[in-house]
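Here is the structure we will look at.
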There are 2 protein chains.
Amino acid sequence: MLPSSTVENYLKAIYLGAGALTPPSRLVPMGQLAGALGVAPGTATTMVKTLAESGLVEYEPYAGVALTKAGQKLAALVVRRHRVIEMFLVRMMGYGWDEVHDEAEQMEHVVSDRLIDRMDEMLGRPEVDPHGDPIPTPEGIVKPQPMQSLLTCPLATPVTITRVIDQDKVFLRFIEKHNLKPGESIEVEARDAASDSVRVRGRDEQRITIGTKAASKLLVQAR
Amino acid sequence: MLPSSTVENYLKAIYLGAGALTPPSRLVPMGQLAGALGVAPGTATTMVKTLAESGLVEYEPYAGVALTKAGQKLAALVVRRHRVIEMFLVRMMGYGWDEVHDEAEQMEHVVSDRLIDRMDEMLGRPEVDPHGDPIPTPEGIVKPQPMQSLLTCPLATPVTITRVIDQDKVFLRFIEKHNLKPGESIEVEARDAASDSVRVRGRDEQRITIGTKAASKLLVQAR
DNA sequence: GTCCACATTTTGATGAGTCAAAAATACAGT
DNA sequence: ACTGTATTTTTGACTCATCAAAATGTGGAC
Ligand SMILES: [Mn+2]
Ligand SMILES: [Mn+2]
Ligand SMILES: [Mn+2]
Ligand SMILES: [Mn+2]
């Protein structure tokens, strides 16, 4: 029996939630999960227990939940579908990068592997989606991307923006407007703890100062 | 509240069922509907009653069900999505016409109007899908196609195949193999009631004899 | 007109997924 | 150790969609 959309959404939320934990931990707390899915805490608990029955997750009461090997594979494939679809919508269908998330959120549960592979082929087998998020292989593997954020990268050193970790439309449009999309070359000029801000020099000597919260969502690679 | 996939499937089945009735009647019998949807008769009855509550259908106990204006519009939009998707998969994604139905059956419930319109635009606003089925407009209107089948068209008169009414893979591959797809020019040479068959002359003087049941599924227009 | 076969509706039950609110638990601070 | 707060789990209930099987209605054959 193939997993329902609901099951897929839980697995994906655990998969994505585990990576984004601060501090990084194996177990995703139920509150986190419930929040990500927009359901009541009790609902998440119940659902996670049935996922554990199915062998898709390991559940430790009062501690949290983690994917099993099987759950991880399934989750990675949902994420693969999501990101291939986003890429397809941007490259082939003329969508903006801030407009694709909701559409992909629905389509990821219904498109066949066949169609995903056709899209992937037409796109030239890309490694990342429009936001720079890595696309898992059909086997569910993601090559780890060693990466720093604007908060941790060296100062006054040229870097390339490779990834934007936030699907919020308004944030994405802000990023686009200030030429901070993946691929752009920039430099962090200064960080100031007191004002909670980071000053960036972008394309054409453009300067912009953003908050540390926003800065942590922009990942870069040395150049 | 937007209709669930289930509601959309019921409305579509009623919409499509009403056209295919023999004899043509306003009301689709519950048995027919249950059969088309693959659910138990009692299930269809229950569901149709709630659809009637919502004002999407008119329900006459022991007689059948018909769409209201509102139901008709919704159903036509589901059919539009289905057929635009099928056309997109064939023209843009390299699918065969016998491979698109199942994929479209799922996608029709999740793709946005925005994406459907983008597909439609890329396809050059086609009037029919790969099987020759008419695509309703965004307003839910289908221009009536005056049409005859191979059973009713004049003998020894050149006609063009315009539509194939059957989504079965095996049947579609048979049709394709014998060059009887929409667009092909043919002539009905003879019909024989005793042998329940129809002899057709197709492309390159090809002759083929098919049963009346199959013949009734091939629609043609005078040329 | 009566009766029968068949279609339809009703009934009672089930599974998936959800919520609100009550109960239990963990844990940090004193 | 004790207590308070935040998190988590439990409980009871609800909606949607479904089935099997019993009850009922319909229309045709005779
Ligand atoms: Mn996304
Ligand atoms: Mn993304
Ligand atoms: Mn179809
Ligand atoms: Mn079709």
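A note on names: the letters A, B, ... follow the listed sequences, proteins ahead of strands, and every chain is numbered from 1. Treat the numbers as computed from the prediction; the structure is a model and nothing was measured.
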Counting just side-chain N and O atoms, does [X] come under 4.0 Å of either OP1 or OP2 of [N]?
X        : N       : answer
Lys49(B) : dT10(C) : yes
Thr6(A)  : dG17(C) : yes
Thr46(A) : dG17(C) : no

- With His109(B), which residues qualify under ring-ring contact (aromatic ring centres under 6.0 Å, His included), at least two apart?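 Expected list: none.
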- Classify the ring geometry between Phe174(B) and Phe171(B) as parallel (under 30°), tilted (30 to 60°) or perpendicular (over 60°). parallel
- Note: chain B reaches DNA chain D at heavy-atom distances under 4.0 Å over the stretch, first to last nt, 5' to 3', of dA17(D) to dT26(D)
- Message: Applying salt bridge (charged side-chain N to carboxylate O under 4.0 Å, His left out) to Arg173(B) and Asp168(B), what does each step give before you reach the verdict?
- Response: CA-CA 9 Å; Arg173(B) 281 197 277 261; Asp168(B) 181 69; over 6 Å; no
- Message: Taking side-chain contact (heavy atoms from CB on, under 4.5 Å) as the definition, give me every residue that meets it alongside Met92(B), ordered by chain and number, with sequence neighbours left out.
- Response: Phe88(B), Met122(B), Leu123(B)
- Task: Strictly below 4.0 Å, heavy-atom distances to any atom of DNA chain C: list the hits from residues 34-43 of chain A, or just say none.
- Result: Gly38(A), Val39(A), Ala40(A), Thr43(A)
Nearest-Å distance, [atom1] ([X]) to [atom2] ([N])?
X        : N       : atom1 : atom2 : value
Leu11(A) : dG17(C) : CG    : P     : 11 Å
Tyr62(A) : dA23(C) : OH    : P     : 14 Å
Met30(A) : dA26(C) : CE    : P     : 15 Å
Asn9(A)  : dA16(C) : CG    : C1'   : 14 Å

- Item | Residues Lys169(B), Asp102(B): salt bridge by 4.0 Å N-O rule | yes
- Message: Mind checking if Ser4(B) touches a base, just sugar-phosphate, or nothing, with heavy atoms under 4.0 Å?
- Response: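 Sugar-phosphate: the residue Ser4(B), judged by heavy atoms under 4.0 Å, touches backbone atoms but no base.
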- Query: At what angle, to 10 degrees, do the two end axes of the helix from dG1(C)-dC30(D) to dT30(C)-dA1(D) meet, given five pairs define each axis?
  - Reply: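 Nearest ten degrees gives 10° for this helix.
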- Locate the shortest heavy-atom distance separating Val164(A) from Leu218(A); write the atom from each residue and the value.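 Closest pair (atom of Val164(A), atom of Leu218(A), distance): CG2-CD2, 3.7 Å.
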- Task: Take Glu103(A) and Arg118(B) through the salt bridge (charged side-chain N to carboxylate O under 4.0 Å, His left out) test and state the conclusion after the steps.
- Result: CA-CA 13 Å; Glu103(A) 191 93 45; Arg118(B) 286 292 295 118; over 6 Å; no
- Cut-off 3.5 Å, side chains only: do Thr212(A) and Asp196(A) have a donor facing an acceptor? yes
- Task: Would you mind reporting whether Glu105(B) and Gln167(B) have side-chain heavy atoms less than 4.5 Å apart?
- Result: no
- Earlier contact from the 5' end, DNA chain C, for Tyr10(A) and Pro61(A): Tyr10(A)
- Message: Applying salt bridge (charged side-chain N to carboxylate O under 4.0 Å, His left out) to Arg125(B) and Asp117(B), what does each step give before you reach the verdict?
- Response: CA-CA 9 Å; Arg125(B) 315 264 176 220; Asp117(B) 189 65; 3.0 Å; yes
- May I have all residue pairs that pass salt bridge (Lys or Arg N to Asp or Glu O under 4.0 Å) and include part of residues 57-68 of chain B, sequence neighbours excluded?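 Those involving residues 57-68 of chain B are Arg26(B)-Glu60(B).
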